[in-house]
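So the structure is just underneath, and the comments pick up after that.
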Amino acid sequence: MKLIFLPITAVLALVALNSISVAFSDVGVGLYGLVVVIPLVIPFADLGLGGSVTEVVAARRLRQEHFVRQRIRNATAILVCIGLSVAVCAILVGSVQGWSIVIGIDGRDANIAFSLALALFGLCIPLALGYRILLGLQRNTTVVAIQSGAGALGYIWIIIAAKTGCPLWLSVVGPQLVALVSSATAFAIAIRVFSRVDEFGTGDGSDFSLFRMARSNLVVLMSIPIAYQGGRFLLAHSGRIEELAHYTAAFAFYAPVAALVASAGQSLWPRFSGIQSGSSAEFKDALRSAVLLFTSFGSVALLCLSLVAKPISQIVLDEIDVPWALFFWFGLLAFFVSVQYPFGMALMGPSGVRFQSVCFALMAASSIALSWLTIDDLGSVAAVIGPLMSLVLVVLVPAITRTMVLGRR
């Protein structure tokens with residue numbers, strides 16, 4: 001289903017980006033790039049509880065019904081408190097014009113847009129638990145349909161707002177409002193579907209701690225946005241608005257590919273959790289087929305971003321001339337992200353998540369360091385090379401080594 005929505009969403013994303021560029025110039029594009037990336041920069045707002053809920057639901061056949069349902073209720077209550085706190089803080093900081101300083105873009109529109117977008121994101125935090133429950137139930141198709149539809153509607157909002165003379169803040173905050181509605185829809189569906197589930201085990205849950213695994217998930221979720229999006233903020237704070245606009249435009253091509261990989265990759269999580277007590281041969285077969293599939297897709301993504309994205313950008317984007325090198329490096333990043341996903345999902349048990357938390361923490365530190373050291377010479381390309389090199393060296397290689405050892409046991 002993601003393949004059906006992908007071209008539609010990609011075209012709408014480019015049209016929306018061009019609408020922002022024509023209506024508000026490079027400053028508008030830069031602000032749009034910072035606002036729309038909020039969910040990617042702060043995925044750790046759920047403190048890793050979302051991942052723990054996915055794991056406990058996916059492995060529900062190992063534990064008693066009361067244990068599973070109680071863990072979901074506990075996580076929901078905590079996330080409601082977190083979400084309201086984020087929303088209140090967003091408005092308070094915005095009331096003193098604080099977000100303009102944080103994001104490095106001056107102006108009333110920048111402050112209002114970031115305040116509202118962050119507040120709406122806060123309200124999404126507890127509702128997004130619905131996606132996690134559906135994922136654990138292997139209802140990935142439902143998750144993809146809701147998220148893809150929301151993405152398309154968000155871009156349509158931007159196009160209409162920009163072309164009808166709406167202020168910049170109203171144009172760029174639309175996607176987060178749509179995300180709030182879609183998260184509420186997913187939560188309602190998840191509660192309804194889960195209420196009918198009767199596949200539970202007899203374990204008392206003594207082998208699983210929601211909060212212990214959440215701590216490791218939290219480290220991963222904090223590290224990923226720093227690693228992948230830190231370069232974007234380095235560009236903003238260095239005053240390279242034109243370079244930031246180039247990065248945002250190229251990211252618009254990369255984002256649908258990354259979303260497709262993430263969606264398909266997340267579906268591997270309950271699959272590997274379901275065979276965690278199975279044979280070594282079963283684990284190896286599942287991993288081998290997943291690696292082959294994702295490597296193939298990554299190769300296609302590399303070719304498309306390297307060869308096709310530049311000509312399309314010249315047709316669609318009137319005001320922005322993105323360097324070909326930026327598309328190439330984004331293509332290479334898409335390839336290695338695709339290769340890494342099966343190994344990462346194979347290590348999503350409690351011990352595997354602890355291992356990955358160390359790797360991603362190192363990736364975050366090294367990514368920022370590499371981007372900062374090369375940004376003066378490479379500009380926007382440095383914001384891609386940093387996470388790419390770090391991903392390969394401190395995440396992918398250790399993950400391959402770990403899964404090879406795990407497969408022999």
Side-chain angles (χ1 to χ4, degrees), residues 10 13-14 17 26 29-30 32-34 36-41 43 104 223-262 265 294 297-314 317 320-341 344 359-360 362-397:
L14 294 175
L17 182 63
D26 286 349
V29 174
Y32 165 69
L34 294 175
V36 79
V37 84
I38 286 176
L40 301 179
V41 174
S223 301
I224 286 176
I226 295 173
Y228 285 112
Q229 303 297 329
R232 183 194 298 259
F233 288 89
L234 287 176
L235 289 172
H237 279 277
S238 65
R240 302 169 181 269
I241 300 301
E242 184 179 1
E243 295 281 359
L244 178 60
H246 291 165
Y247 180 95
T248 302
F251 187 83
F253 287 82
Y254 168 79
V257 177
L260 179 58
V261 173
F294 277 74
F297 177 80
S299 300
V300 174
L302 172 58
L303 290 174
C304 289
L305 287 170
S306 299
L307 303 178
V308 180
K310 175 64 175 180
I312 294 178
S313 71
Q314 292 175 323
L317 303 177
I320 305 174
D321 183 19
V322 183
W324 174 82
L326 196 53
F327 287 118
F328 169 76
W329 286 106
F330 264 122
L332 208 56
L333 180 62
F335 172 79
F336 282 108
V337 167
S338 299
V339 173
Q340 185 271 334
Y341 246 100
C359 295
F360 276 105
L362 292 174
M363 178 186 173
S366 57
S367 175
I368 290 295
L370 286 172
S371 297
W372 180 72
L373 289 172
T374 57
I375 198 169
D376 288 337
D377 296 325
L378 301 179
S380 56
V381 171
V384 185
I385 291 180
L388 169 61
M389 298 300 294
S390 300
L391 173 68
V392 174
L393 295 176
V394 300
V395 175
L396 179 57
V397 172

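Owing to the predicted nature of the structure, the values given are computational and were not obtained by experimental measurement. Hydrogens, waters and symmetry mates are skipped; everything else that's a heavy atom, side chains included, is used.
Distance check: Phe335 CZ to Leu303 CG gives 10.0 Å after rounding to the nearest 0.5 Å. With rounding to the nearest 0.5 Å, the separation of CD1 in Ile368 from CD in Gln229 is 10.0 Å. Note that the OH atom of Tyr228 and the OH atom of Tyr254 stand 6.0 Å from one another [nearest 0.5 Å]. Rounding to the nearest 0.5 Å places CZ of Phe336 at 9.0 Å from CG of Leu302. To the nearest 0.5 angstrom, Leu333 atom CG is 9.5 Å from Phe251 atom CZ.
With sequence neighbours left out, the ring-ring contact (aromatic ring centres under 6.0 Å, His included) criterion links Phe328 to Trp324. For Ala249, the side chain to side chain contact (heavy atoms under 4.5 Å, CB included) partners at least two apart in sequence or on another chain are Leu17, Leu317, Ile320, Val322. The ring-ring contact (aromatic ring centres under 6.0 Å, His included) check on Phe294 picks up nothing, with sequence neighbours excluded. Qualifying side chain to side chain contact (heavy atoms under 4.5 Å, CB included) partners for Ile312, counting only residues two or more places apart in sequence or in other chains: Leu14, Phe253, Val308, Val316.
Within the structure, salt bridge (charged side-chain N to carboxylate O under 4.0 Å, His left out) contacts touching residues 301-312 (residues at least two apart or in different chains) are Lys310-Asp321.
Residues Phe327 and Ala250 approach most closely at CE2-CA, 3.8 Å, considering heavy atoms. Closest of all the heavy-atom pairs between Leu234 and Trp372 is CD1-N, 3.9 Å.
Looking at Ile224 and Met363, their side chains never come closer than 4.5 Å, going by heavy atoms from C-beta outward. Taking 4.5 Å as the limit, some side-chain heavy atom of Tyr247 sits within range of a side-chain heavy atom of Phe330.
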Under 3.5 Å, side-chain donor or acceptor atoms of residues 378-396 against the rest of the protein: list the pairs with distances, not counting sequence neighbours.
| unit_1 | atom_1 | unit_2 | atom_2 | d |
| --- | --- | --- | --- | --- |
| Ser380 | OG | Glu243 | OE1 | 3.1 |
| Ser390 | OG | Ser366 | OG | 2.9 |
| Ser390 | OG | Ser367 | N | 3.1 |
| Ser390 | OG | Gly386 | O | 2.9 |

